[in-house]
J.: 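This is the structure, below, for whatever I ask next.
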Amino acid sequence: MSTASNTPAPDQEALPATLAGASHEETLRMYREMLRIRRFEEVAARAYTRGKISGFLHLYIGQEAIAVGVSEAMKDGDRIVATYRDHGFALARGCEPNACMAELMGKATGIVGGVGGSMHFFDRDKGMWGGYAIVGNHIPVAAGHAFASKYKDEGAVTICFLGDGALGIGPTHEGMTLAGLWQLPIVYVVENNRYSMGTPLERTLPVKDVTVRAAGYNMEADRFTVTDPMQVRERLGEAIERARTENRPTLVEILTYRFRGHSMSDPAKYRAKGELEAFRSRDPLEVTKRALMELHGMSEEKLEALDDEIFEEMSAAETFADESPMPDPEFRFKHHYIEDESEAD
Amino acid sequence: MSTASNTPAPDQEALPATLAGASHEETLRMYREMLRIRRFEEVAARAYTRGKISGFLHLYIGQEAIAVGVSEAMKDGDRIVATYRDHGFALARGCEPNACMAELMGKATGIVGGVGGSMHFFDRDKGMWGGYAIVGNHIPVAAGHAFASKYKDEGAVTICFLGDGALGIGPTHEGMTLAGLWQLPIVYVVENNRYSMGTPLERTLPVKDVTVRAAGYNMEADRFTVTDPMQVRERLGEAIERARTENRPTLVEILTYRFRGHSMSDPAKYRAKGELEAFRSRDPLEVTKRALMELHGMSEEKLEALDDEIFEEMSAAETFADESPMPDPEFRFKHHYIEDESEAD
Amino acid sequence: MPELQIRQAIRDAIKEEMERDDRVFILGEEVGHYNGAYKCTEGLLDQFGEKRVVDTPIVETGFSGVGIGAAMCGLRPIVEFMTFNFSAVAFDQILNNAAKIHHMTNGQFSCPIVFRGPNAAAHMLGSTHSQAFDAFYAHIPGLKVISVATAYDAKGLLKSAIRDPNPVIFFESEVMYAQRGEVPDEEYLIPIGEADIKRSGADVTLITWGQSVPTSLEAAKLAAEKDLDVEVIDLRTLRPLDEAAIIESVKKTNRAVVAYHGWPYGGVGAEIVDRIQRVAFDWLDAPVLRECYEDLNMPYAENLENIIIPSAERILSALEKVSYR
Amino acid sequence: MPELQIRQAIRDAIKEEMERDDRVFILGEEVGHYNGAYKCTEGLLDQFGEKRVVDTPIVETGFSGVGIGAAMCGLRPIVEFMTFNFSAVAFDQILNNAAKIHHMTNGQFSCPIVFRGPNAAAHMLGSTHSQAFDAFYAHIPGLKVISVATAYDAKGLLKSAIRDPNPVIFFESEVMYAQRGEVPDEEYLIPIGEADIKRSGADVTLITWGQSVPTSLEAAKLAAEKDLDVEVIDLRTLRPLDEAAIIESVKKTNRAVVAYHGWPYGGVGAEIVDRIQRVAFDWLDAPVLRECYEDLNMPYAENLENIIIPSAERILSALEKVSYR
Ligand SMILES: Cc1ncc(C[n+]2csc(CCOP(=O)(O)OP(=O)(O)O)c2C)c(N)n1
Ligand SMILES: Cc1ncc(C[n+]2csc(CCOP(=O)(O)OP(=O)(O)O)c2C)c(N)n1
Ligand SMILES: [Mg+2]
Ligand SMILES: [Mg+2]
């Protein structure tokens, strides 16, 4: 399976410095992770159109460099708190595609046993702390995680992602107010993919550069257009370490783009002409692939073999999910209340 | 009744330029209005301690110059939307002390028939649009008033007041986001009296100068320490006219001080030593009085006579309220639903 | 009569009221350029422009508050919640402003506003996106609450809601938007507060509303096959409740079941039970039973969701139980 | 046994649990330096310092969310709402996060948190500050809901709530904070979910909770003077409901009245009626009656407020009515 045709003349632009400075091994590792996310979601999208997946399915395609980059910048114990657009983070954190795909199909073998679906991936031990589906309501919760880290003096950092569409809502403001007031070890990352559902940010944000708000919260700020996962690792890495060592919060805005509609039901007809193509030509996945070829001499064949292998993995995940059982009917009574105190952490 | 003893050596400071530029007549008019508010509240406070008033009673004493100044800057059709600390605005807008005092006592003759109490003064025709008791929840409502003005193209401006304690809450952020995004004819005025209940702003605000947030909302900003009502009229007047003529919203922070506790039940023990005295020496009421004496040659006697007259007015309001009947028991069924469409505006 | 989808009936109601009264406008997420997340506002932006079809950012408290403020100024806002699940972040605006403005201002201001959108479980959306808000809003004095199940009712009641001088909560259903029903060409209004007998019967009264209406009709059909003649009352308005219609039917049948989408504890279902046992105590031959969601958070998995949502079979068995069959 | 005010019993419960378990901390407006708006946290800042007694800005959603997040990390937060009226702006956090985290994460996370503060009408605070949130929170699966009326119950149940691994809503009453009652020196816990018979009687069951408990006991006294022997059950926990205690009593008395602070439509009152008529249908000699707020926004005026809140006289007349006196 080849993707080369997706990229109109990427070779015209120079490769980003961050990729130039990276080793073959790490470039390949990150490329591989990005590709795994993309192929996972493509397989999921196909399963959706075949009626195997229901509900909402929000694809991360185009934004993968962010999840992979941040994951590389994290230490054990650090945690990601994300929105409903969460598959990429889970996979980047090492969650099993089998469990992820099974979750999308509402199967007992799913990452949360089939109770959550696409929007609610959680894998505590891997630092994947969700998967929240109400816009903005995870922002104060993530501040709470950071609060607990500081309370326990455990040195963990919380990295909380939100969309450009989540900047107006009150809970976002309240969570950031507390993070800034109490100087919590947290990094808030706005993945600005230019749209909240069908609405371009011009119609939702009174200001272009949202990091101007950092001062009002007494946070540090950073803002950049994503080029590749190395860059994300570097830039978020700084903010993460500042949170870890100084308990100093940062508001980061990453300019990115989603190649698909908001969810599977959105044909995304609202895009400006040529917009999608322009962004595709800077697809971080393709840019990273170019680095592998141009800087590290990887052959098309090798890259295709890798792609095939990953496609295999994700197809196997689909089969796994297909063949997994639905939850037992009695399972619906589980996890509403904890009877025994020792079951709580 | 003399208040001279309240003011330790105000004559050491030069009078503000805004007062120096004002006529005798307008200075006296504004002084009179400020004094009316103060005496009204002093009488109310006494009635409260005598058990005639219940519930919450939030006094505006110390902040009067703001209500009087803004009221002077308003045109017919403009409206004030305020918090529970609302007596000053009502009186400045010309609401009857009788009706206001009766409201505090929950009487049928009250400004809202005794259903609202201290926190819910409304007098539509006078531009006194409330009186909201849930912190921050009037901010989007006021944006709605401004939205309607723009929709109807009626040229009215909404001036919405909030406390320093209301800056963190989500509804404030959402209302301001919409006001900035849609460029509504509104002025948001933060009355920063340094405390929200017993908490000094250092413990509630991550940032000192809250007008830095204006940029994030695409609003204009202004910030000043209140000296006298003329100054307030001038500064808010600019913002009001900008709203009226350009549909351009402004975020204003006025540094002020409340001389009493948060409400009658608060002994305000949390103040720093000497803080109250320092602010008293810059009491805009006293400063304006000095201007009347020093710039316009008004005698102590005349001023005392004025004070006596106002004190009489407010005492009479107390008597009026005392003697007013409680609402009829059947009145409790009124105004829950409108049966007839024509009753709605 | 033409057959319309419920979403079209809703769109037509809004359109007609906007044509009739230029104080009426609609605001919410994706209502304009996107033509509505569920296409209930299709074509409105084109017809009325951005002034009256207002796309908002994701700020439910913000735009609910703007609607309330605009209503106080004499406009007639329609606030669309993409789903009522998202009204939870605007709860204070509805509870403390919309429901109270008229009273709190001693009648100086009114709050003629409609909050509308899909409510209750759709299909596999998980616990945060599958909630019925009936119990929350029907509890609050100052509000009117409507829940519609047919295209005809949707249009007639939405038009009444828009004209009503009070704040109205208007519940629709995502999974029912595509259902078709006859809608007359001529203008009509359905009064708020009147239940509708969707099927008359002599043996048991089945009180229902919203998404449970078709399921209840199905259950009645199944019951008929077993010789149980069920009267199906679609409440349509939850607040004020058409107690007279309920009581009249129960006095005839002496038995009642309540079927709806929503959690069991309290809520509209329990209120109906209370009224029946209080007003028609001596007529009751069996306890009133309720079929609604199980008292659980809604899981994503299809099979579990299907168990939790009341099915025609479950309703049937309640009908049989109150009939001591 | 020493007599403590309810506010002191609450303070002692928090203090003891904070001494016992350093994961316990409290956050909210004015809980620290001000010692609590109603002095329920008096002395805690001095004893435990700013790390564990956390003054917050006025951001109910923010600090509720922080509490929830901290609970997910193994801490044991107590969130104080200055009054539950202000929880309306945090409704989504309670509904969509606190109540769902454990389920939604398939048990990977738990949410051991207590939301506490005064609830229902106090005295002349007007419509926005006089609301009972019982109906809203008791409706939600995933939460436990407690409402206390004595110093003894307050301490024993708050300690249990703090130790409970689930999210707990804990209702107090502003007008009852100063009421005194005996509280043992030794540590004790009261299990969540157990009603308490505050007065036993043979003729009518009076089910009540919170602020209506003293009024109900007064009504029972008045009834006794008229030879009506009333059993007063204080529910104490609203969710889960102690159905067994209610039913047992009703099977003995064959009549029941429910008295509480809150609006009538739906809610806990209607739920109790539903359970009684469903489970004890054949034992009931009269319809169950409820005495609660009238279905109105609360006015400020004292005389109107006093009519709207259920008085001992009103409860008495309901007791007489169900006894056909
Ligand atoms: C409070 C709330 N309102 C509305 C929604 C519906 N909704 C889900 S995602 C979304 C758009 C969010 O856009 P953005 O924040 O930019 O994130 P993106 O989807 O682009 O990643 C909307 C409106 C919701 N989930 N929660
Ligand atoms: C949402 C909400 N939370 C808490 C309160 C209780 N409360 C009323 S006023 C107030 C302090 C507000 O301070 P600030 O905004 O500075 O205004 P000021 O009282 O100083 O005028 C608090 C905590 C409330 N009314 N609403
Ligand atoms: Mg986006
Ligand atoms: Mg203040």
Side-chain angles (χ1 to χ4, degrees), chain B residues 79 81 103 110-116 119-125 129-134 136-152 154 156 158 169-171 173-179 181-182 184 331-332 334-345, chain C residues 22-23 25 27 50-52 54-77 79 89-90 92-113 141-144 160 163-167 192-193 239-240:
Chain B
R79 40 180 104 85
V81 184
E103 188 59 41
I111 189 167
V112 287
V115 298
M119 306 197 286
H120 297 301
F121 281 14
F122 286 85
D123 194 337
R124 178 176 194 135
D125 296 337
W129 281 42
Y132 286 81
I134 302 293
N137 89 349
H138 61 310
I139 308 295
V141 172
H145 300 150
F147 178 94
S149 294
K150 196 171 173 180
Y151 188 98
K152 300 197 230 171
E154 66 184 7
T158 303
I169 204 161
H173 178 69
E174 297 193 16
M176 291 188 182
T177 294
L178 292 179
L181 178 68
W182 293 337
L184 300 178
F331 185 68
R332 71 190 193 279
K334 278 277 280 184
H335 301 311
H336 294 279
Y337 292 97
I338 303 178
E339 298 302 328
D340 184 1
E341 204 202 327
S342 67
E343 266 187 69
D345 331 278
Chain C
D22 58 21
R23 299 171 307 172
F25 70 102
L27 74 171
E50 288 194 344
K51 179 182 167 190
R52 298 179 64 198
V54 184
D55 278 326
T56 68
I58 309 169
V59 291
E60 279 79 1
T61 279
F63 64 74
S64 296
V66 164
I68 291 163
M72 292 171 71
C73 296
L75 300 183
R76 293 289 182 274
V79 169
V89 291
D92 173 73
Q93 286 295 331
I94 297 173
L95 172 71
N96 281 320
N97 284 335
K100 294 185 176 49
I101 284 291
H102 184 61
H103 177 256
M104 181 161 94
T105 64
N106 199 26
Q108 289 182 47
F109 291 89
S110 54
C111 192
I113 188 169
L143 301 179
K144 296 189 177 181
S160 293
R163 293 190 199 181
D164 196 276
N166 301 287
I192 295 173
R239 183 185 189 97

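Note that the structure is a prediction, hence the values are computed from the model and not measured. Proteins get letters first, then strands, A, B, ... in listed order; numbering begins at 1 in each.
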J.: Heavy atoms only: give me the nearest C:V66-B:A143 pair and the separation to one decimal.
T.: CG2-CB, 3.9 Å
J.: With a 4.5 Å cut-off on side-chain heavy atoms, are B:H120 and C:N106 touching?
T.: no
J.: In terms of heavy-atom pairs under 4.5 Å, which option from B:I139, B:V81, B:D123, B:I111 contacts chain C the most?
T.: B:D123
J.: OH of B:Y337 to CG of C:L143: how many Å apart, nearest 0.5 Å?
T.: 6.0 Å
J.: Report yes if some heavy atom in the side chain of C:N96 is under 4.5 Å from a heavy atom in the side chain of B:Y132; otherwise report no.
T.: no
J.: Backbone N or O of B:I338 within a donor-acceptor pair of the C:N166 side chain at under 3.5 Å?
T.: yes
J.: Check step by step if ring pair (Phe, Tyr, Trp, His ring centres under 6.0 Å) holds for B:H335 and C:H103.
T.: CA-CA 5 Å; B:H335 301 311; C:H103 177 256; 7.7 Å; no
J.: I want to check something: taking the side chain as every heavy atom from C-beta on, are B:V115 and C:M104 in contact at a cut-off of under 4.5 Å?
T.: no
J.: Do C:R52 and B:Y151 pair up side chain to side chain, a donor and an acceptor below 3.5 Å, judged on atom types alone?
T.: yes
J.: Between B:L181 and chain C, with a heavy-atom cut-off of 4.5 Å, which part of the residue counts as in contact: side chain, backbone, both or neither?
T.: side chain
J.: Do you know which two heavy atoms are closest between B:A148 and C:C73, and how far apart they sit?
T.: CB-CB, 3.4 Å
J.: Nearest 0.5 Å, please: how far is CG in C:D92 from CD1 in B:I169?
T.: 8.0 Å
J.: Judged by atom type as modelled, is there a donor-acceptor pair below 3.5 Å linking the side chain of B:K152 to the main-chain atoms of C:G74?
T.: no
J.: Quick check for you: to the nearest 0.5 Å, what is the distance between C:I58 atom CD1 and B:T177 atom OG1?
T.: 12.0 Å
J.: With chain B as the partner, which of C:V54, C:V89, C:D22, C:V59 has the greatest number of non-hydrogen pairs under 4.5 Å?
T.: C:V59
J.: With rounding to the nearest 0.5 angstrom, report the CZ to CZ distance, C:F63 to B:F147.
T.: 12.5 Å
J.: Measure C:S64 against the heavy atoms of chain B and call it side chain, backbone, both or neither at under 4.5 Å.
T.: neither
J.: Taking the side chain as C-beta and beyond, is there a heavy-atom pair between C:N97 and B:H138 under 4.5 Å?
T.: no
J.: Indicate the atoms forming the closest heavy-atom contact of C:M72 with B:H145, along with that distance.
T.: SD-NE2, 3.5 Å
J.: Checking heavy atoms, do the side chain of B:F331, its backbone, both or neither come under 4.5 Å from chain C?
T.: side chain
J.: So what's closer than 4.5 Å to chain B heavy atoms on C:K144: side chain, backbone, both or neither?
T.: both
J.: Can you tell which part of B:K150 gets under 4.5 Å to a heavy atom of chain C, answering side chain, backbone, both or neither?
T.: neither
